[in-house]
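Here's the structure we're looking at; comments come further down.
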Amino acid sequence: MEGSAYGAAMAGGAFDLKNFLQKPHVIARIVSWVFSIVVFGCISSEGYLNFPVSEKLHCIFNDNVDACHYGVGIGVLAFIICIVFFSLDVYFQQISNVNQRKQIVMADLGISGLWTFLWFVGFCFLTNQWVSAIKDLPIGSDSARSAIAFSFFSIFSWAFLTFSAYRRFQMGVSDFSDRYTDPSSDYPPYPKVVDNYQQPPFGNAPQPGTNEYHPPTY
């Protein structure tokens, strides 16, 4: 593959770690990865309380276990997704098939857009439940606020990943269209048919000084 496609140099080039880590979408993916750790880490560590009067674990978000499960769920999945796509970013330059690059960028675009929406829903859900929760909790208040804050930050980091994937997709499409040539132009044109017919050297035209035969008329 020549040139570049979908925001990466041609396949077979040397991997430059410094240049790779300076790419905006790579930085945003690392940041999103850290945010996801903070969210599900805060909820997992101090998001559940065990009161002496009950053996049941109570979620600090208004005792709504669905809120805790939602925060942990999207956080863990975001953590895994960031690792997978970070690995694909590392090996992206080694992929020579343009269609495979396109599929990876489209998957990044779709998943990043989906997680932007899920983080927005998670921020609204956790905030709503925290507003209705008991404020004088013995522990977990700081963790709950941290989970809400980093859920809010994750909206913007994943939105940037979505925008970055869309730009790389547009770059790939435009690069392909600019380098596309009609396959029929690879073949030489058909030779033009030229009328090379020549009169025979000895025609039927009468020669000077010869007797012409005239059929008799009646």
Side-chain angles (χ1 to χ4, degrees), residues 15 17-18 20-92 104-166 168:
F15 178 75
L17 179 61
K18 181 179 179 180
F20 171 76
L21 294 177
Q22 291 176 348
K23 292 182 178 181
H25 73 276
V26 175
I27 297 175
R29 206 177 306 280
I30 295 175
V31 171
S32 299
W33 178 71
V34 174
F35 288 171
S36 66
I37 295 176
V38 174
V39 173
F40 79 78
C42 289
I43 298 177
S44 299
S45 60
E46 296 185 352
Y48 297 92
L49 299 177
N50 186 8
F51 296 105
V53 296
S54 174
E55 296 181 356
K56 180 182 177 182
L57 293 176
H58 299 269
C59 179
I60 58 176
F61 292 98
N62 198 28
D63 198 15
N64 188 343
V65 69
D66 292 334
C68 289
H69 288 171
Y70 186 90
V72 173
I74 61 172
V76 171
L77 290 177
F79 173 82
I80 297 173
I81 290 171
C82 288
I83 293 178
V84 171
F85 277 97
F86 184 84
S87 302
L88 291 175
D89 290 336
V90 172
Y91 292 102
F92 192 82
I104 292 173
V105 173
M106 290 183 64
D108 189 10
L109 175 61
I111 294 176
S112 297
L114 175 62
W115 244 254
T116 303
F117 173 75
L118 293 179
W119 278 120
F120 174 76
V121 174
F123 167 73
C124 296
F125 188 22
L126 295 179
T127 302
N128 178 265
Q129 295 300 308
W130 178 246
V131 170
S132 304
I134 301 174
K135 297 302 181 294
D136 56 347
L137 296 174
I139 58 173
S141 297
D142 292 337
S143 296
R145 296 188 184 95
S146 298
I148 293 173
F150 282 93
S151 296
F152 179 74
F153 299 152
S154 296
I155 298 173
F156 296 97
S157 64
W158 284 88
F160 182 83
L161 287 174
T162 304
F163 174 74
S164 178
Y166 178 75
R168 287 190 293 153

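Each residue takes its place number in the sequence, starting with 1.
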Listed pairs under 3.5 Å, donor-acceptor, residues 118-128 side chains, sequence neighbours left out:
| unit_1 | atom_1 | unit_2 | atom_2 | d |
| --- | --- | --- | --- | --- |
| Thr127 | OG1 | Phe123 | O | 2.6 |

Note to self: A side-chain contact here means heavy atoms from C-beta on lying under 4.5 Å apart; do Ile60 and Leu49 qualify?
What the structure shows: yes
Next item on the list: Report yes if some heavy atom in the side chain of Cys82 is under 4.5 Å from a heavy atom in the side chain of Trp158; otherwise report no.
Entry: yes
Those residues that, when tested against [X], pass ring-ring contact (aromatic ring centres under 6.0 Å, His included) (two or more places apart):
| X | value |
| --- | --- |
| Phe150 | Phe35, Phe153 |
| Tyr48 | none |
| Phe156 | Phe152 |

How far does [atom1] of [X] sit from [atom2] of [Y], to the nearest 0.5 angstrom?
| X | Y | atom1 | atom2 | result |
| --- | --- | --- | --- | --- |
| Arg168 | Phe92 | CZ | CZ | 6.0 Å |
| Met106 | Leu109 | CE | CG | 7.5 Å |
| Ser164 | His25 | OG | NE2 | 5.5 Å |
| Lys23 | Lys18 | NZ | NZ | 15.0 Å |
| Ile74 | Leu77 | CD1 | CG | 9.0 Å |

Note to self: According to salt bridge (charged side-chain N to carboxylate O under 4.0 Å, His left out), does anything in residues 26-36 pair up with another residue at least two apart or in another chain? List the pairs.
What the structure shows: Arg29-Asp89, Arg29-Asp108
Item checked: Ser44: partners by side chain to side chain contact (heavy atoms under 4.5 Å, CB included), with sequence neighbours left out -> Phe40, Val72
Check: Taking only residues two or more places apart in sequence or in another chain, which ones pass side chain to side chain contact (heavy atoms under 4.5 Å, CB included) with Ile111?
Finding: Ile81, Phe85, Trp115
Margin query: Are more than 12 heavy atoms, taken from residues, nucleotides or ligands other than Phe117, located less than 6.0 Å from that residue's CZ atom?
Written below: no
Note to self: Consider ring pair (Phe, Tyr, Trp, His ring centres under 6.0 Å). Of Tyr91, Trp33, Phe20, which one does Phe86 pass it with?
What the structure shows: Phe20
Next item on the list: Would you mind listing every side-chain hydrogen bond (donor to acceptor under 3.5 Å, both in side chains) that reaches into residues 69-83, with sequence neighbours excluded?
Entry: none
Check [X] against [Y] and note the closest heavy-atom contact, atom names and distance.
| X | Y | answer |
| --- | --- | --- |
| Ala28 | Phe160 | CB-CD2, 3.4 Å |
| Leu161 | Ser112 | CB-OG, 3.7 Å |
| Ala147 | Ile43 | CB-CG1, 3.9 Å |

[X]: what forms a side chain to side chain donor-acceptor pair (under 3.5 Å) with it, not counting sequence neighbours?
| X | answer |
| --- | --- |
| Tyr166 | Gln170 |
| Gln129 | Asn62, Asn64 |
| Ser32 | Ser157 |

Checklist line | CA sep, side-chain torsions, deciding dist, call: Leu21, Ile27, side chain to side chain contact (heavy atoms under 4.5 Å, CB included) | finding: CA-CA 7 Å; Leu21 294 177; Ile27 297 175; over 6 Å; no
Check: Considering residues at least two apart in sequence or located in another chain, which fulfil the disulfide bond (SG atoms under 2.5 Å apart) criterion with Cys42?
Finding: none
